[in-house]
Amino acid sequence: MSDAARGDVLEDQIDQWRGFVSRRRAISPADVEEMEDHLRERIADLGANGLDAEEAFLVAVKRMGNLDEVSREFAREHSHRLWKQLVLVPEAEDGAGGLSRWRELGVVLACALGAGLAVKLLFTSVDGEIAQIRNIAFVVLPFLAGWFAWKRRVTWRTCAAVAAVAAVPALAVNLYPFEATPGPFPSPGMTAVLAFTHAPVLLWLLVGVLHTGGHWRSHERRMDFVRFMGELVIYLALIMLGSVVLVGLTFAVLALVDVDLEPFFEDWLLPFGLPGALLVAAWLVEAKKSVVENIAPVLTRVFTPLALLMLAADLVALLVDGPLTTVDRDLLILMDAILVLVLFLLLYSISARDPMARAGVFDWLQLALVGAALAVDAVALTAMLTRIAEFGFTANKTAALGLNLVLLVHLVWSAWLMVGFVRGTRPFAAIERWQTAYLPVYAVWAGLVVLVFPPLFGFA
């Protein structure tokens, strides 16, 4: 179908929607015009993200349904057409749209193959398990970043800038003179472990710059990247669980005939399967985004009350565990992990919420969750400061303290904005913008841990 024909079909669909809305007495002609302007803006945004005209129209109408009951009725009456868009690759008669999807799938598979070859080359050319692990993110994520750059048509200047920034932590983790722990079985020191674990975080946020198409200052594009991360984790978990079942059954069957698959599994399946799963999961998220309701925000509705109960139990455990100087260090690390989980629950629930809807019971529940998280954070922070005052600074304690402070600022201001929203003195958009505006802080913190902490603590 030509571009002109698709444009005519889109105009016919918009005319049908406008006629449907105009028949409602409560909607004035001026309101219809305003709603149509909003609809066309949404269609243009969705089209820029890769949806074809019909998909963009259907999704835009569905989203408009969150703002207006009449439009929601129209979306319900035509929802059966939306499910026809759920095929992964359109049939041949879909024309240029189908060819575009096939081409995109081909590029994804090529990137997955390239990532697998890069991992295989890393495992065969680099000696030492530690050296392999610390570099695996640097050989896999560039292929995901390259696919985003191709899909979003990112300029070469932006790609070069992102690559230059990514090269800095790559050089640091490989060239810094990290010291190993003494003993018969030396292992990486704490500054090395911190650098290895924080470098992928920094690299992942750089991938997010390309996911936004280079428009990293846009709050909307940053929130899209947040949504992408949540959906990616779920798709990747499902792919991995299914793969474990299939591989386990295959091992069991072939073991009955004395065929050992372990060499093939270690030499080929793992190097190609893991990066391939990441690329395919990312493609699935991008291919089906906004066509059905996102999964991650739905799960937040289930886990938010459970997380609130968990935080209450953790707070009691911290308070009754004796003097704060005796609090186990591993428990404090787990507290940071729990706070990160709370932050993700907050992010994904915000990403799916209708910004025009009034505050409800779930918003109060989220405020209680953030309040409980702040209470846990305050106790954990006090324990950290007490331990540091008694035993002094180390790389590990400083990293935990810094992460705690970064999370504290994020959660405190989120709580302040949420209080204003539930009281009706602030719009919900202020909460959403704060979440995306704060994301670069995590990139800066990860960069400090990777680049500054090793020389600051003597590479120990």
Side-chain angles (χ1 to χ4, degrees), residues 134 137 165-166 168-173 176 178-179 181 188-208 222 226 229 311 314-315 318 324-347 370-416 434-460:
R134 74 187 179 200
V165 176
V168 176
L171 292 173
V173 299
Y176 270 168
F178 293 111
E179 296 181 4
T181 57
M190 186 50 62
T191 57
V193 173
L194 290 173
F196 300 166
T197 53
H198 284 74
V201 175
L202 178 58
L203 197 64
W204 180 255
L205 293 174
L206 290 174
V207 171
R222 289 179 186 175
V226 170
M229 286 193 294
L311 282 175
D314 292 337
L315 183 60
L318 282 173
L324 292 179
T325 54
T326 64
V327 174
D328 185 72
R329 183 184 64 179
D330 294 336
L331 178 61
L332 297 178
I333 295 175
L334 286 175
M335 290 301 101
D336 278 347
I338 292 171
L339 293 175
V340 172
L341 173 63
V342 171
L343 183 61
F344 276 109
L345 287 175
L346 179 65
L347 279 174
V370 174
L374 286 174
V376 172
D377 193 28
V379 175
L381 185 60
T382 303
M384 288 180 187
L385 292 174
T386 305
R387 289 177 64 89
I388 289 174
E390 182 170 348
F391 302 108
F393 282 93
T394 63
N396 188 33
K397 293 175 185 175
T398 307
L401 176 63
L403 177 59
N404 224 274
L405 292 174
V406 170
L407 291 170
L408 181 66
V409 173
H410 195 164
L411 292 173
V412 164
W413 196 247
S414 296
W416 176 253
W434 167 246
Q435 310 308 318
T436 59
Y438 201 74
L439 288 179
V441 175
Y442 292 98
V444 172
W445 172 248
L448 288 175
V449 174
V450 174
L451 302 176
V452 178
F453 270 45
L456 183 65
F457 291 96
F459 302 100

Next on the checklist: Closer than 3.5 angstrom, by distance alone: can the side chain of Arg222 be matched with the main-chain N or O of Thr436 as a donor-acceptor pair?
Outcome noted: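 Present.
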Next on the checklist: Check whether Tyr176 reaches the backbone of Leu451 with its side chain - one donor and one acceptor, N or O, closer than 3.5 Å.
Outcome noted: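 The answer is yes, because a donor-acceptor pair under 3.5 Å joins these two groups.
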Checklist entry - Considering only heavy atoms from C-beta outward, does the side chain of Phe344 approach that of Val340 to under 4.5 Å? => result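 Heavy-atom side-chain distance check passes, below 4.5 Å.
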Checklist entry - Quick one: does Glu179's side chain get under 4.5 Å of Pro188's, heavy atoms only? => result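 Contact flag for Glu179/Pro188 side chains = no.
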Pairwise distance [atom1]([X]) to [atom2]([Y]) - rounded to 0.5 angstrom:
X	Y	atom1	atom2	answer
Ser414	Leu347	OG	CG	8.0 Å
Leu194	Phe453	CG	CZ	7.0 Å
Leu346	Leu341	CG	CG	11.5 Å

What are the two closest non-hydrogen atoms of [X] and [Y], and how far apart are they?
X	Y	value
Ala373	Leu339	O-CD2, 3.4 Å
Ala172	Val450	CB-CG1, 4.4 Å
Met190	Ala395	CG-CB, 4.3 Å
Phe178	Thr191	CD2-OG1, 3.7 Å
Leu202	Ala443	CD1-O, 3.6 Å
Pro440	Ala437	CD-O, 3.3 Å

Item to check | Residue Trp204 excluded, over 12 heavy atoms near CH2 under 6.0 Å | outcome: yes
Checklist entry - Checking side chain to side chain contact (heavy atoms under 4.5 Å, CB included) for the pair Phe457/Thr398: CA distance, chi angles, key distance, verdict? => result CA-CA 10 Å; Phe457 291 96; Thr398 307; 3.4 Å; yes
Item to check | Trace of the side chain to side chain contact (heavy atoms under 4.5 Å, CB included) decision for Val449 with Thr197 | outcome: CA-CA 9 Å; Val449 174; Thr197 53; over 6 Å; no
Checklist entry - Between Tyr438 and Trp434, what is the ring plane arrangement, given parallel below 30°, perpendicular above 60°, and tilted in between? => result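 Aromatic pair Tyr438/Trp434 classed tilted.
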Checklist entry - Which class fits the ring pair Tyr442 and His410: parallel under 30°, tilted 30 to 60°, perpendicular over 60°? => result tilted
